[in-house]
Protein chains: 2
Amino acid sequence: MLSGKFAITIHILTLLTKFPNDFLSSEFIAGSINLNPVLVRKEIANLKAHHIVESKEGKNGGTKLAKNPTDITLKEIFQMTFDTINLGYAKNQPHPDCPVGKKINENLSVLYADLNEKVSLELKNITLEDFSNHF
Amino acid sequence: MLSGKFAITIHILTLLTKFPNDFLSSEFIAGSINLNPVLVRKEIANLKAHHIVESKEGKNGGTKLAKNPTDITLKEIFQMTFDTINLGYAKNQPHPDCPVGKKINENLSVLYADLNEKVSLELKNITLEDFSNHF
DNA sequence: ACATTTGTAACATAATTTATTACAGTATGC
DNA sequence: GCATACTGTAATAAATTATGTTACAAATGT
């Protein structure tokens, strides 16, 4: 998973919001992000799967929004690119006979779910339109 | 930076809370986390720098809490191991002549600062004592 | 003295992210 | 219908980051 996924996706969507009448090419978008066009297309594939954008193949093809930017919230974008906020887990399986090791991941999950809730509440109130208005 | 830093640090602190009278060795702690002892010592160095634990060198040495677990909040631990919540930035410098590229990172920063605020508020209300009580 | 432990540095390996290349498939306009 | 400019996707490579290991000096209890 691309770690800049959220940032890249929101960058793409902001561009599409700014040029609502054009099909933008992955090359053009990649130029603004300074990223390989293939990676842009991958994120667009994700956006398409969520019916947020539509794209046209062939000459003069490209991508445009499939929904009104007032109807897209940052929560959706967050969820499709990030899953959940989390402050990380230790890489290896902790020791199962230790009372702490046995339960640490479960307890961290509960904590992270709580944080996720708070972040989601916040992001739900920000639309793509709102975000794009700052440019 | 260790990406499991927060999880590892909170694991260490939970163990220290559970054994408040002992100096625990990095080897013992590493066993519970299933992590290399050197990495445990690195996180302990960070905790020491923040005066949350103290440690003793030499035989029978190890680490113990330097503060009461009711006086340590998850916010502090978060801050010393994570800095700020963030949903990522694209790796490369965006195109400076594009109105979106020019401002995207600034706008993302504002957004992330806001999320960070919400998360911090939540973590401020959870003490190490609270967290440890779930084990 | 000896055993055990911290503290660090240097280096090695593994995992993840990002970039590149390649090419089949599709629409457009001449 | 042919050249051109795109998307879509797979395979692979390079770069970056995270984790693990080894090594050893310094400290301390017995």
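Chain identifiers are assigned alphabetically (A, B, ...) following the order of the sequence lines, protein sequences preceding nucleic acid strands; residue numbering begins at 1 within each chain. Side chains included, hydrogens not; waters and symmetry mates left out as well; all remaining heavy atoms used.
Between A:N36 and B:K59, the residue anchored closer to the 5' end of DNA chain C is B:K59, taking for each the nucleotide with the nearest heavy atom.
Taking atom NZ of residue A:K5 and atom P of nucleotide C:dT16, one finds them 15 Å apart after rounding to whole Å. A straight line from CZ of A:F23 to P of C:dT28 spans 9 Å, rounded to a whole angstrom. If you measure from atom CD of B:E54 to atom P of D:dT28, you get 13 Å, rounded to the nearest angstrom. Straight-line distance from the CG atom of B:L16 to the P atom of C:dT6: 12 Å, rounded to whole Å. Between the CG atom of B:N34 and the C1' atom of D:dG20 there is a distance of 12 Å, given to the nearest Å. Following rounding to the nearest Å, B:K64 (NZ) and C:dT5 (P) show an atom-to-atom distance of 18 Å. In this structure, A:Y89 atom OH and C:dA15 atom P are separated by 20 Å, rounded to whole Å. Atom CG in B:L39 sits about 15 Å away from atom C1' in C:dT6, given to the nearest Å.
When side chains are defined from C-beta on, B:I52 does not count as touching B:L128, because their heavy atoms never get closer than 4.5 Å. Residues A:I33 and A:L39 fail the side-chain proximity criterion, which asks for heavy atoms closer than 4.5 Å.
Phosphate contact (OP1/OP2 of D:dT30, side-chain N/O of B:N60, threshold under 4.0 Å): present.
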Are there any protein N/O atoms within less than 3.5 Å of an N/O atom in nucleotides 7-12 of chain D, and if so, which ones and at what distance?
unit_1: D:dT7; atom_1: OP1; unit_2: A:S26; atom_2: N; d: 2.8
unit_1: D:dT7; atom_1: OP2; unit_2: A:S26; atom_2: OG; d: 2.7
unit_1: D:dG8; atom_1: OP1; unit_2: A:K48; atom_2: NZ; d: 2.2
unit_1: D:dG8; atom_1: OP1; unit_2: A:S55; atom_2: OG; d: 3.1
unit_1: D:dG8; atom_1: N7; unit_2: A:R41; atom_2: NE; d: 2.9
unit_1: D:dG8; atom_1: O6; unit_2: A:R41; atom_2: NH2; d: 3.1
unit_1: D:dT9; atom_1: O4; unit_2: A:R41; atom_2: NH2; d: 3.4

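For residues 6-16 of chain B, no pair satisfies salt bridge (charged side-chain N to carboxylate O under 4.0 Å, His left out), with sequence neighbours left out. Applying the ring pair (Phe, Tyr, Trp, His ring centres under 6.0 Å) test to pairs two or more places apart or on separate chains, those with a residue in residues 96-135 of chain A are A:Y89-A:Y112, A:F131-A:F135.
For the residue pair B:D71 and B:E76, the shortest heavy atom distance occurs at O-OE2, 3.5 Å.
No side-chain donor-acceptor contact under 3.5 Å links B:N92 to the backbone of A:L35.
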